[in-house]
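Working notes for the structure below.
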Amino acid sequence: MEQPGFTASLVAGGVAGASVDLILFPLDTIKTRLQSPQGFYKAGGFRGIYAGVPSAAIGSFPNAAAFFLTYEYVKWCLYTDSSSYLMPVKHMLAASAGEVIPFSLVQFPLWEFLKALWSWRQEHVVDSWQSAVCGAFAGGFAAAVTTPLDVAKTRIMLAKAGSSVAGGNVLSALRGVWRSQGLAGLFAGVFPRMASISLGGFIFLGAYDQTRCLLSKVGREGS
């Protein structure tokens, strides 16, 4: 990949990150309150769900830009033939370098796989809207399987100071949820999380692909 490709990835990633935060921030607030040990309404219910949206969008621009720049750069460094069985590993490593969380390790290899499968079926590279659809499916699946970890993160953030959970012990947080609420507690908020992240994947990855294509086209025409 040439340098203009990296520049396009940087800007496109920032645009995608800001776009998804502006649209989906309220849903994330609702999901967090559903996972609160206080209960949804005591945690705030539907009050103030738009509070902090502008600052979140501004903050997400450089984070998403850095993530996609790293993701594309690592993919480029680890170049393999598209038919290679190592492709999923490459995408996992690239996602890990960009953002070391289990969610990315599930979402991005699945996104790339779905795009490759769709491209193969229609015999040409997917369009931006098709990439967005793949992103929605990948995001929804990743959201579902990583919900227990998200619940644990929420409990750690809301735990009383000095408790074992407040110390950041994920397993302790998961055990506590399992003992008190069982499987339903571990998957609390799974449906709004899936809805939010599926829509987020559609916007985030679709906006990224569309913006990157436009910037790359402008770069080629200007050279």
Side-chain angles (χ1 to χ4, degrees), residues 1 5-6 8-17 19-21 24 28 31 60 63-153 170 174 186-187 189-191 193-213 216:
M1 187 185 297
F6 290 137
S9 296
L10 182 72
V11 177
V15 170
S19 298
V20 79
D21 265 350
L24 299 181
D28 189 61
K31 180 268 301 179
S60 68
N63 290 335
F67 171 82
F68 272 110
L69 177 63
T70 305
Y71 181 70
E72 295 293 348
Y73 180 73
V74 173
K75 281 204 304 180
W76 177 70
C77 289
L78 299 175
Y79 173 78
T80 59
D81 183 80
S82 59
S83 62
S84 172
Y85 65 90
L86 294 175
M87 284 292 287
V89 176
K90 181 184 79 169
H91 296 142
M92 289 177 69
L93 290 173
S96 298
E99 186 177 5
V100 186
I101 57 172
F103 180 86
S104 293
L105 296 181
V106 177
Q107 182 190 30
F108 278 81
L110 183 55
W111 175 54
E112 297 282 5
F113 169 77
L114 292 173
K115 287 197 301 178
L117 180 61
W118 201 338
S119 298
W120 174 73
R121 290 292 297 272
Q122 67 185 8
E123 298 183 346
H124 65 81
V125 177
V126 293
D127 298 322
S128 295
W129 72 268
Q130 294 171 324
S131 176
V133 172
C134 294
F137 276 102
F141 179 79
V145 300
T146 60
T147 292
L149 295 178
D150 191 62
V151 171
K153 182 192 74 173
V170 173
L174 290 173
L186 290 176
F187 285 89
V190 64
F191 293 114
R193 174 174 162 80
M194 286 179 66
S196 173
I197 294 179
S198 292
L199 183 56
F202 185 90
I203 297 168
F204 187 55
L205 298 174
Y208 171 73
D209 260 7
Q210 181 64 35
T211 306
R212 187 167 178 267
C213 286
S216 297

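What you see is a predicted model, and the numbers here were worked out from it, not measured in a lab.
- Applying the ring pair (Phe, Tyr, Trp, His ring centres under 6.0 Å) test to Trp120 and every residue at least two apart in sequence or in another chain returns nothing.
- Asp209 and Ser131 share a donor-acceptor pair across their side chains, judged by distance under 3.5 Å alone.
- Taking CH2 from Trp111 and NZ from Lys115, the interatomic distance works out to 3.5 Å, rounded to the nearest 0.5 Å.
- Rounded to the nearest 0.5 angstrom, Leu205 CG and Gln210 CD are separated by 13.5 Å.
- The two residues Ile197 and Ala143 come nearest to each other via the heavy atoms CD1-CB, 3.7 Å.
- Trp118 has its ring centre less than 6.0 Å from the ring centre of Trp129.
- For the side-chain hydrogen bond (donor to acceptor under 3.5 Å, both in side chains) test, no residue two or more places apart in sequence or in another chain qualifies with Ser119.
- Between the CG atom of Leu114 and the CZ atom of Phe141 there is a distance of 10.5 Å, given to the nearest 0.5 Å.
- The side chain to side chain donor-acceptor pair (under 3.5 Å) contacts involving residues 136-146 comprise Thr146-Arg193, where partners must be two or more places apart or lie in separate chains.
- A donor-acceptor pair under 3.5 Å is formed between the side chain of Gln130 and the backbone N or O of Asp127.
- In this structure, Phe137 and Ser198 have side chains that are not in contact, with every pair of non-hydrogen atoms separated by 4.5 Å or more.
- Contact detail for Gln107 and Gly135: the closest heavy-atom pair is NE2-O, 4.2 Å.
- With a 4.5 Å cut-off on side-chain heavy atoms, Thr147 and Leu186 do not count as touching.
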